[in-house]
There are 2 protein chains.
Amino acid sequence: MQINKMPIPELTSVRCQECPIRHRAVCAKCDEEELELLSGMKTYRSFKAGDVILWRGEPLQFVASLVTGAATLSKTLEDGRTQMVGLLLPSDFIGRPGRQEIEFDVTATTDVTLCCFDRKPFEKLVEDTPHVAQRLMELALDELDAAREWMLLLGRKTAREKIATFIEMLARRATVQDQEAGGQFILYLTRDQIANYLGLTLETVSRHFSALKKEGMIGFSDRHHIEVLDLPGLQLATGDDADGGLVS
Amino acid sequence: MQINKMPIPELTSVRCQECPIRHRAVCAKCDEEELELLSGMKTYRSFKAGDVILWRGEPLQFVASLVTGAATLSKTLEDGRTQMVGLLLPSDFIGRPGRQEIEFDVTATTDVTLCCFDRKPFEKLVEDTPHVAQRLMELALDELDAAREWMLLLGRKTAREKIATFIEMLARRATVQDQEAGGQFILYLTRDQIANYLGLTLETVSRHFSALKKEGMIGFSDRHHIEVLDLPGLQLATGDDADGGLVS
DNA sequence: TTGCGACCTTGATCCAGATCAAGGCATAGA
DNA sequence: TCTATGCCTTGATCTGGATCAAGGTCGCAA
């Protein structure tokens, strides 16, 4: 079990207007005035890769937006089996108004910067500013959709389909997020973490990565930089309905 | 695939004050005045067991609270594999404000009565009355918690643990809801539907029901009336953390 | 430069749950 | 009463992914 190293407090003064997640985070719909309010109550915190950001059941001191890096939500059974129940990337929200605690652990998988708000004043703000409440609701419903999509994956997809879905999802989020050169993007997770996300073992993940590589669907420059070489093929391998998504 | 029999429109005049789900549904926090508003826009609709209430992707005409009966949310892969992603019991909410469509099918598994609100006026109401918006947010977050709990089940639990968890959950919800005689309660779902809920096959479900029965943990009077005979044993068999729940 | 630790790959074997198959048991309709 | 139909149970067999095992690779720190 991971030791909870103390977070390194670090005050950075980024103006909200220049914030990289300004238009996707909980503050997305805020006008200048509301932004001013939020700006006044925010603090930045950094966590090192591997740090536990929040423990399950621990009283929640703050809520936050993830600004840079990646974090995971995970649940654990009595005997140690774990299942990741969410992957947080920049602009995702941590915590929930009206709840004292959360039902899972939140762990930084890379170095992470959070934009934090103390829970109490934030909750007050939610009550007062409809734009924040609405955006929060949208984010919650998006997460619910994502969770249900993942239930289908966990319950019914084969290992190969799970891996293909995972890569396709990362590719989709990566292109929206940081547009790295040439379709290549960073695999934030280790094989073991990917296995936890997909309800598999790390050996099975490794084997299917190798298989997809051999088939020319994906390529690796090193173990954490993956490239999609055959997107249509990959999408076919996900097992999803071809007409499942929106026209984009 | 199930044929969509036309719903039977049926106007029942139940006063909100006497509604069986008054204190748990979306209207739970409403005061008399707000209730009056809701009351003015509601209509009841009935569906027969097996009817599809809503199709995935179909434009959403109404949102609703489930008053009596049970319904399922389910997603389907291209080749027909299906996974249930939610089970709706009385007081649960169907639909979402701000979305035109939903990502899964909603099917009545028993005869069902819904308390329906046309989507547009309901959305207007959500914007105006904080009590409804708050309750809606709570319901969404509860569903999110439930979805994540289910992800753990689907990804990491054994068949036996899945069955035990399912029965334990039903027992918990049943005792709150309708307090049938002697710890016995109705199994709303067929073996096949249970299998879809748990990410198993119907044969595996049947085998483990038989095993738990042989071990004296549960009993059946007929195939749809189940009784928990050894709750501690059953809880042990779920694989969950003993200290997982709240003190109740 | 060497040794260690963290992570990844690949092979061999095992087994829980899927699949295939054959009835059993209610209820409903003729 | 007979027969069809829709579940459900149980047995036999198969198999995808888990488990067990043995290196391989890379980066870092002594």
Side-chain angles (χ1 to χ4, degrees), chain A residues 1-3 48-50 77 79-83 107 109-110 153-166 186-215 218-226 237 239, chain B residues 1-3 48-50 77 79-83 109-110 153-167 186-215 218-226 237 239:
Chain A
M1 180 99 319
Q2 193 83 38
I3 306 270
K48 288 277 166 210
L77 290 173
D79 62 2
R81 281 172 286 171
T82 71
Q83 173 66 50
T107 312
T109 52
T110 64
L153 175 142
L154 292 172
R156 293 299 180 201
K157 287 193 175 180
T158 64
R160 181 186 167 88
E161 289 169 338
K162 287 177 176 181
I163 302 282
T165 305
F166 174 72
I186 300 170
L187 251 188
Y188 288 109
L189 307 179
T190 66
R191 300 290 183 268
D192 190 50
Q193 290 170 323
I194 296 169
N196 274 343
Y197 200 14
L198 300 175
L200 297 171
T201 58
L202 70 93
E203 293 95 329
T204 301
V205 171
S206 182
R207 274 186 245 277
H208 284 278
F209 269 144
S210 299
L212 291 175
K213 186 179 156 197
K214 196 177 291 175
E215 294 171 41
I218 58 173
F220 290 94
S221 54
D222 72 59
R223 287 194 293 211
H224 288 285
H225 284 84
I226 189 170
Chain B
M1 181 97 317
Q2 193 83 38
I3 305 269
K48 287 278 164 208
L77 290 173
D79 61 3
R81 279 172 287 171
T82 71
Q83 174 65 51
T109 53
T110 65
L153 175 141
L154 291 172
R156 293 298 180 201
K157 287 192 176 180
T158 64
R160 182 185 166 89
E161 289 168 338
K162 287 177 176 182
I163 303 281
T165 305
F166 174 71
I167 298 170
I186 300 171
L187 208 48
Y188 289 110
L189 307 179
T190 65
R191 300 289 183 267
D192 190 49
Q193 290 170 323
I194 296 169
N196 274 343
Y197 199 14
L198 300 174
L200 297 170
T201 59
L202 70 94
E203 293 95 330
T204 301
V205 171
S206 182
R207 274 185 246 277
H208 284 278
F209 269 143
S210 299
L212 291 175
K213 185 179 154 194
K214 196 177 295 175
E215 293 171 41
I218 58 173
F220 289 94
S221 55
D222 72 60
R223 289 193 292 210
H224 289 284
H225 285 84
I226 189 171

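Just so we're on the same page: letters track the sequence lines, and every chain starts at 1.
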Distance in angstrom units between [X] [atom1] and [N] [atom2], rounded:
X      : N      : atom1 : atom2 : value
A:F209 : C:dT9  : CZ    : P     : 8 Å
B:I163 : D:dT9  : CD1   : C1'   : 14 Å
B:L154 : C:dG17 : CG    : P     : 13 Å
A:R160 : D:dG16 : CZ    : P     : 13 Å
A:K213 : C:dT10 : NZ    : P     : 7 Å
A:D192 : C:dG5  : CG    : C1'   : 15 Å
A:R81  : D:dT19 : CZ    : P     : 9 Å
B:F220 : D:dT9  : CZ    : C1'   : 12 Å

Using a 4.0 Å heavy-atom cut-off, does [X] contact any base of the nucleic acid, only the sugar-phosphate backbone, or nothing at all?
X      : value
B:T190 : sugar-phosphate
B:L202 : base
A:T201 : base

If I compare all heavy atoms of [X] with all of [Y], which pair ends up nearest, and what's the gap?
X      : Y      : answer
B:A195 : B:L202 : CB-N, 3.5 Å
B:H224 : B:T190 : CE1-CA, 4.2 Å
B:L154 : B:Q83  : CD2-NE2, 3.8 Å
A:K162 : A:L198 : NZ-O, 3.0 Å
B:K157 : A:L77  : CE-CD2, 3.7 Å
A:E161 : A:R156 : OE1-O, 4.4 Å

Heavy-atom check, side chain of A:T110 versus side chain of A:I186, under 4.5 Å:
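A:T110 vs A:I186: side chains apart.
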
Would you say a side-chain N or O of A:S206 is under 4.0 Å from OP1 or OP2 of C:dC8?
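For C:dC8, OP1/OP2 do not have a side-chain N/O of A:S206 under 4.0 Å.
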
Can you find a side chain N or O atom of B:H224 that sits less than 4.0 Å from OP1 or OP2 on D:dC8?
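Answer yes for this pair, as a side-chain N or O of B:H224 is under 4.0 Å from OP1 or OP2.
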
I'd like to know if B:R207 reaches the base of D:dG11 with its side chain, counting only an N/O donor and acceptor under 3.5 Å.
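A donor-acceptor contact between them is present.
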
Establish whether the base of D:dT25 is bridged to the side chain of A:R191 by a donor-acceptor pair shorter than 3.5 Å.
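Checked by distance alone, the answer is no.
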
Reading nucleotides 21-26 of chain C from 5' to 3' and marking B where a protein heavy atom lies under 4.0 Å of the base, S where only the sugar-phosphate is that close, and - otherwise, the string is ---B--

